[in-house]
Amino acid sequence: MTDERPILLWLRRDLRLTDHPALDAACRTGRPVIPVFIHDEVVERLGAAPKWRLGLGVERFAQALAGAGSRLICRRGPALAVLRALVAETGAGAVFWSRLYDPDSRARDTGVKAGLRAAGLTAQSFPGHLLFEPWTVATGAGGFYKVYSPFWRAVKQRDPPAPLPAPAALAGPHVWPRSDDPADWGMGAAMGRGAAIVAPHLAVGEAAARARLHDFLSEGIAGYGEARDFPARAATSRLSENLSCGEISPGTVWRAARHAFDAGAAGAETFLKQLIWREFAWHLLYHTPHMATRNWRAGWDGFPWSQEDGRPEVIAWKQGRTGVAFVDAAMRQMYVTGTMHNRARMIAASYLTKHLLTDWRVGQAWFEQCLVDWDPAANAMGWQWVAGSGPDAAPYFRIFNPDTQLRKFDPDGTYADTWLAEGRRTPHPSALRYFDAVPRRWALSPHDIYPAPVVGLAEGRARALAALANRGG
DNA sequence: TGTCTATTGTT
DNA sequence: ACAATAGAC
């Protein structure tokens with residue numbers, strides 16, 4: 001006698017129908033599938049912008065499921081308790097989900113899996129968030145890669161599985177359990193007036209993600225290799241926002257870019273390499289979970305970073321008022337759009353950790369508050385890369401000069417002009433939007449005088465070099 | 001995926 | 001005077 005009990009499909013960061021192994025497997029059983037999203041403690045802990053963005057993604061995904069003849073059951077509470085309650089209500093016999101690889105999610109999922117199995121239920125996790133499972137990419141010596149280039153060489157010839165099609169049909173239960181309306185959860189509560197400013201820059205949902213990919217491949221990828229480093233140019237795919245919520249799978253992006261590469265598209269390999277940077281970060285985080293919270297190299301634990309995030313210069317950094325054009329433009333771009341150009345992230349991070357000698361975790365925490373494409377692995381790796389405490393073998397004394405970088409990557413000043421209003425006769429509309437996006441209590445006006453630098457670039461650099469030279473001594 | 005300086009070569 | 005380059009940090 002076959003098992004006809006429903007399957008709970010627990011959605012987390014896989015808000016899509018295409019290339020979704022857990023969804024595909026659930027549908028193939030022929031049993032009723034009950035998609036579930038749980039606002040649990042891991043969601044609760046998210047920063048303002050990513051929590052808001054995830055909430056929008058959940059609402060959109062609920063609509064997509066409804067359009068496919070299914071539903072998204074939304075509940076709030078500890079994941080295991082919610083799942084067990086749903087099992088009791090629906091008679092479900094199994095829970096499927098896509099694996100996540102950050103320490104917080106892994107700890108939760110391990111407990112959920114054990115709890116479900118102890119109750120006699122099937123609990124099965126599936127791939128889908130990454131191109132490759134982290135334990136399947138190993139060096140010749142059997143360890144994991146700690147350097148990007150060999151990692152790239154190891155995976156670039158290894159084609160990921162072909163993306164799965166969306167299921168032809170989604171069979172539901174005879175009776176659906178009740179659902180919260182995720183719009184009532186207030187996931188955007190902490191965004192304040194920034195939400196209205198950032199919203200037009202978003203592309204929420206699977207259809208929007210696929211449109212972005214299509215647009216990028218048809219228009220952007222040829223120039224990507226040349227233009228991607230110039231923050232004023234709209235040269236990037238902007239898919240990070242969708243990848244972070246799983247509205248498109250990395251396998252789908254890889255496959256499409258790989259076809260472009262095979263067709264001889266300039267820029268395609270550079271783009272594939274960026275996708276593999278994401279992969280590399282997740283593999284690193286999987287193998288060294290402490291990367292998200294502690295110096296990857298313990299030898300940095302004694303370094304005199306300031307952890308005090310209330311210092312005036314750190315407040316200036318957060319507010320985009322350091323007096324350094326590239327840094328301020330970067331921070332303001334983040335306030336208005338919810339994202340920041342990759343090069344700008346390096347500059348802003350270098351300035352905070354080196355010129356302001358601030359612990360990378362202070363910056364990481366702020367980025368988690370502000371980025372709609374918040375990704376725990378990419379940020380942990382990136383911040384530690386900049387700080388010098390990470391696995392990257394790059395010289396520890398690397399200190400970006402924001403003015404040199406601006407001359408090099410924004411030679412005509414477009415990026416700075418787009419985001420800085422003070423002192424401009426006719427400020428760019430985007431520069432003015434920043435003043436609408438930030439909290440009123442900051443009391444900022446485009447008519448303010450642009451701030452004097454909180455620290456001279458030469459002085460900050462010298463101070464950082466001195467501290468780095470004394471490291472450990 | 002850096003910066004700075006000295007050096008060498010070019011205009 | 002300036003660009004390209006190598007080496008040190």
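We name chains A, B, ... by the order of the sequence lines, and we start the count at 1 in each one.
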Phe230(A) CZ to dT1(B) C1', in whole Å, measures 13 Å
Taken to the nearest whole Å, CG/Leu468(A) to C1'/dG2(B) is 13 Å
Testing dT1(B), dT3(B), dG2(B) for proximity to the side chain of Arg398(A), the answer is dG2(B)
Here the distance between atom C1' of dA8(C) and atom CD1 of Ile399(A), to the nearest Å, is 14 Å
Would you say the side chains of His428(A) and Asp417(A) form a donor-acceptor pair under 3.5 Å?
no
* Can a side chain N or O of Asn342(A) be found less than 4.0 Å away from OP1 or OP2 on dT1(B)? -> no
Rounded to whole Å, the CE-C1' distance (Met346(A) to dG2(B)) equals 10 Å
Taking only side-chain N and O atoms of Gln405(A), does any of them lie within less than 4.0 angstrom of OP1 or OP2 on dT3(B)? yes
Atom CG of Leu465(A) and atom C1' of dT3(B) are separated, to the nearest Å, by 9 Å
Rounded to whole Å, CZ of Arg407(A) lies from C1' of dT3(B) at a distance of 12 Å
Side chains of Trp317(A) and Asp328(A) only: does a donor on one sit below 3.5 Å from an acceptor on the other?
no
With distance as the sole test, does Arg212(A) use its side chain to make a donor-acceptor pair with the main-chain N or O of Leu239(A) at under 3.5 Å? no
Checklist line | Expected output: side-chain Arg106(A) to main-chain Leu100(A) donor-acceptor under 3.5 Å | finding: no
Lys408(A) NZ to dA4(C) P, in whole Å, measures 12 Å
